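Each remark here refers to the structure printed beneath this line.
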Amino acid sequence: MKSLIVANWKCNPETPKGAKLLFNTVKRGIKNIKNVEVVICPPFVYLPFFQKKIKKIEKIKLGAQDVFWKEKGAFTGEISPLMLKDLGVKYVIIGHSERRQILKETDEMINKKLRAVLFTKLRPILCVGETEMEKRKEQGLRVLNSQISRALEGVPEKEADKIILAYEPVWAIGTGAACEPNSVLEKKLLLQRIFRKRYSPNISKKLKILYGGSVTPENALSYIKEAKTNGLLIGGSSLKAKEFLEIVKMVSI
Ligand code: PGA
């Protein structure tokens, strides 16, 4: 099965030169790799550099790290789904824990973003995950349930099959403390159950679930093989072309 590997560059690299170098190295490196789709999510300002380049490559798509929910208007600093679509973007990360925590994004905002992205016919990658404290209090399952239920409010069955979920335990992001594959599998089954309760069985069967949080070449394959996820959301390792390509090669089985 084709894996989806999403590179979340976050607020990196610092210069256009660095961004172009990283992109071109990845582009060259995946030429002969089959059975994988790579989504590069650079900072907004770098998106135009890659718009033309990805047109010629089947395997690479462009993604955005965030979006606003209105098409246009007086919303200082915001970027609309239509603007992203125009730049060749196909995927949008929504509800990343750094946005939830640092920028105080609420479930209500995430719901609006999700619906706007679906309406624009882009594919949302909805991030969910529990914090260290919630894990310690054994509230992980309840948190996932609540994050997903609130994000999905008002999302009809006919749009739900476009959603991709990323299970990203907050305590595993950028810490080197990756989640055990069996625990990821447990969360994957829970996420499918939540979808099954809301939508027809067909939707939950088609649902794509990714894992993210300290993914490295050492552990990447275990999330595909043991946790049976459909792919990975990668932060730190996506900034090192060699490491990232190693992961992509590894999962293209
Ligand atoms: P990480 O980040 O791979 O650096 O842990 C993952 C993410 O934040 O999506």
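Counting starts at 1 for both ligands and their atoms, following the listed order. The structure presented is a predicted model; accordingly, all values stated were derived computationally and were not measured.
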Salt bridge check, Arg99 against Glu105: does any charged N sit closer than 4.0 Å to a carboxylate O? yes
Could you tell me whether Gln139 atom CD has more than 12 heavy atoms of other residues or ligands within 6.0 Å of it? yes
Just list the side-chain donor-acceptor pairs under 3.5 Å for residues 88-98, sequence neighbours left out, or say none.
from	atom 1	to	atom 2	distance (Å)
Tyr91	OH	Glu37	OE2	2.5
His96	ND1	Glu98	N	2.9
His96	NE2	Glu168	OE1	3.4
Glu98	OE2	Lys10	NZ	2.8

For the side chain to side chain contact (heavy atoms under 4.5 Å, CB included) test, which of Thr229, Ile224, Val248 pairs with Ser3? Ile224
At under 4.0 Å between heavy atoms, what of Asn8 touches ligand 1? The answer is side chain
Under 3.5 Å, is there a donor-acceptor pair linking the side chains of Arg28 and Asn24? no
Single-linkage hydrophobic cluster, 4.5 Å side-chain cutoff, Met83 and Leu62 together: yes
Which of the numbered atoms in ligand 1 are under 4.0 angstrom from any heavy atom belonging to Gly213? 5 (O)
In terms of atom number and element, which parts of ligand 1 are under 4.0 angstrom from non-hydrogen atoms of Leu233? 9 (O)
N/O of Gly235 under 3.5 Å from N/O of ligand 1, yes or no? yes
For residues Lys187 and Ser183, is any side-chain donor paired with an opposing acceptor at under 3.5 Å? yes
List every atom of ligand 1 that sits less than 4.0 Å from any heavy atom of His96, numbering the atoms from 1 in the order shown and giving each element. 7 (C), 8 (O), 9 (O)
Checking the N or O distance criterion of under 3.5 Å, is ligand 1 in contact with Gly212? no
For Gly236, atoms of ligand 1 separated by under 4.0 Å from a heavy atom: 1 (P), 3 (O), 4 (O)
Just distances here: any N/O of Thr175 and N/O of ligand 1 closer than 3.5 Å? no
Between Gly174 and ligand 1, does any nitrogen or oxygen pair lie at a separation below 3.5 Å? yes
For atom 9 (O) of ligand 1, what is the closest protein heavy atom, and at what distance to 0.1 Å? Glu168 OE2, 2.7 Å
